[in-house]
Amino acid sequence: MASPSASISPVASSAQDTAPLLDVQGVTLQYKTKESLVTATFRVSFNVFKSDRFVLLGPSGCGKSTLLKAIGGYLHPTEGEMRLKNRVITKPGPDRMMVFQEFDQLLPWKTVKQNVTFALTSSGRMSGAEAETRALSYLNKVNLTKFVDSYPHTLSGGMKQRVAIARGMAMEPDVLLMDEPFAALDALTRRKMQDELLQLWADTRFTVLFVTHSIPEAVKIGSRILLLSPHPGQVKAEVNSVAPDDAAGARALERKIHNALFADEVEEDALHH
Amino acid sequence: MSAILPCTRPERACDTLDSSTIGVIEKPISTFERVWNQDWVRKAFIIIFLALLWQFYAAWKNNQLVFPTFVDTVKAFVDSCKEGVLPARIVGSLKLLVGGYGIGLALAGVMTVLAISTRFGNDLLETLTSMFNPLPAIALLPLAMLWFGLGNLSIIFVTVHSVLWPVALNTHSGFRSVSTTMRMVGKNYGLGGLNYVFKILIPGAFPSILAGMKIGWAFAWRTLIAAELVYGANKGGGGLGWYIFENKNTLEIPAVFAGLLTVIIIGLIVENLVFRVIERRTVRKWGMQA
């Protein structure tokens, strides 16, 4: 596979369109457990522009997944507003396709190809032969042409995630929402999938909102990275990533992000000792 | 204090043998093993073994009135089939069975769809199943006879009762066990209402639904035969239960056994042909059941 580095430049996050594609303004998210009301994020604001590889990064408990689910339309903010293409997000829809971490996101009663075509047809995007052509072309992009007629349970974890990505991309949504899609994979597969995702991005320049708790993954995948602090999630910083071939720059950025995220803990530790 | 160092060992590299010198690496299994690996062969073996056991025990017991032999039973079965009595009884039973089972499944479907779409429906189903599921269908027969008279309607009523609750209970628990991710995927496609139920929930819950259908089928049979044993003479026709009852009264014990054997055979056929095929083409193919 060709290295994606040549085609990915750090200009990706510069504003090609003046209006943001996704506008998140002062969003506070709360959910109830049996015992208490938990505030997951507090007045989070950010903008995602077209063709951004926007990463939400933070330690567990910073509400990044909750935030992504809210953008997906599964949760409603108690405060603030989220607008996609200037329309307020109220419920889930095929303009924001989700790729989940869990392997059971594919429907087990459908083959790989049917999983993709079903998404296209049941959302009313297209029908029959057209959907099949589109499905096959995207499955080809993720190197699964040989497995189009297999059932999901016969695939490995990495292949299942590839199908989910192909399904998400085939819908050509306004924004692809990825919730730690590689977290359950082994390290080697994860690296390969990251490279493939960048290659796919280089081919089609889709807009992706990517949630992760791994700093190296954020630096590698993202063009723009939003850092969130935990309990409740608040914006700590928003930084531009470096070019994928800039190893030294990536290391420096990783250190910078690490310091930004864990600065408080270091201070606390210093006080204790 | 000395630091504990890991034990150092020399590195090693080995030459692997050429695979041709190792002997058997892969060889086809024997014909016997291949035959024995077929499910139906092993099951047929069990059935033949039980039939032989029956035959020898009954022959040794040598009491036609208490325990007729397998051969006598088969003879009674064949004679009765020739006379056309048994086939008529089978048809009579199956008609009621399929009717009651079908109505039961349909009602269970409607109730569970209501139960997952509204909270009130959920409470209703939970309350009704906990009330009526433990109630033996046959205990309702006297009531049914009062309400619907001594006809097929009463039998269908109790059969529906025996099917409805276990199927509803299984289907409902199946719906609730469909994973959150799968539900979110369905919503993501913009599916809602009945579309969501039929395209996501029903296939997602299919292993439980199928289990419920099997239990329901067995319950329907039991209830039907029991109800027919209580009455069934009224129309001159009647079903297998009536056939058994009739022959017991005339002490045609081999025929009684033939009636029971018929119930068993129909059970085996439905389980191994109908349900097994559905399972193979759905939940097994989808990897939802081993």
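Note on naming: letters A, B, ... go to the chains in the order of the sequence lines (proteins, then strands), and numbering restarts at 1 for each one.
- Looking at Arg167(A), the atoms closer than 4.5 Å to chain B (heavy atoms on both sides) all sit in the side chain, from C-beta outward.
- Of all the listed residues (Thr180(B), Ile200(B), Val283(B)), the one sharing the greatest number of non-hydrogen pairs under 4.5 Å with chain A is Ile200(B).
- Annotation: Tyr196(B) is not in aromatic contact with Tyr189(B) [ring centroid separation under 6.0 Å not met].
- Using a 4.5 Å cut-off between heavy atoms, Met288(B) touches chain A through its side chain atoms alone.
- The residues Glu102(A) and Arg183(B) are annotated as not salt-bridged, no charged nitrogen and carboxylate oxygen being separated by less than 4.0 angstrom.
- For the set Gly72(A), Pro108(A), Ala164(A), the entry with the most heavy-atom pairs within less than 4.5 Å of chain B is Pro108(A).
- The most heavy-atom pairs under 4.5 Å with chain A, out of Thr282(B), Thr181(B), Asn188(B), come from Asn188(B).
- You'll find the ring centres of Trp109(A) and Tyr151(A) outside the 6.0 Å limit.
- By the 4.5 Å heavy-atom criterion applied to side chains, Phe182(A) and Thr189(A) are not counted as neighbours.
- Ranked by non-hydrogen atom pairs under 4.5 Å with chain B, the options Lys110(A), Lys91(A), Met97(A), Arg125(A) are led by Met97(A).
- The candidate from Leu120(A), Asp95(A), Asp104(A) with the greatest count of non-hydrogen atom pairs under 4.5 Å with chain B is Asp104(A).
- Residue with the most contacts toward chain A among Gly287(B), Gly192(B), Pro203(B): Pro203(B) (heavy-atom pairs, distance under 4.5 Å).
- With Tyr74(A) as the aromatic partner, Lys69(A) does not meet the cation-pi criteria of under 6.0 angstrom to the ring centre and within 45 degrees of the ring axis.
- Note: His161(B) and Trp165(B) have perpendicular aromatic rings, judged against thresholds of 30 and 60 degrees for the angle between ring planes.
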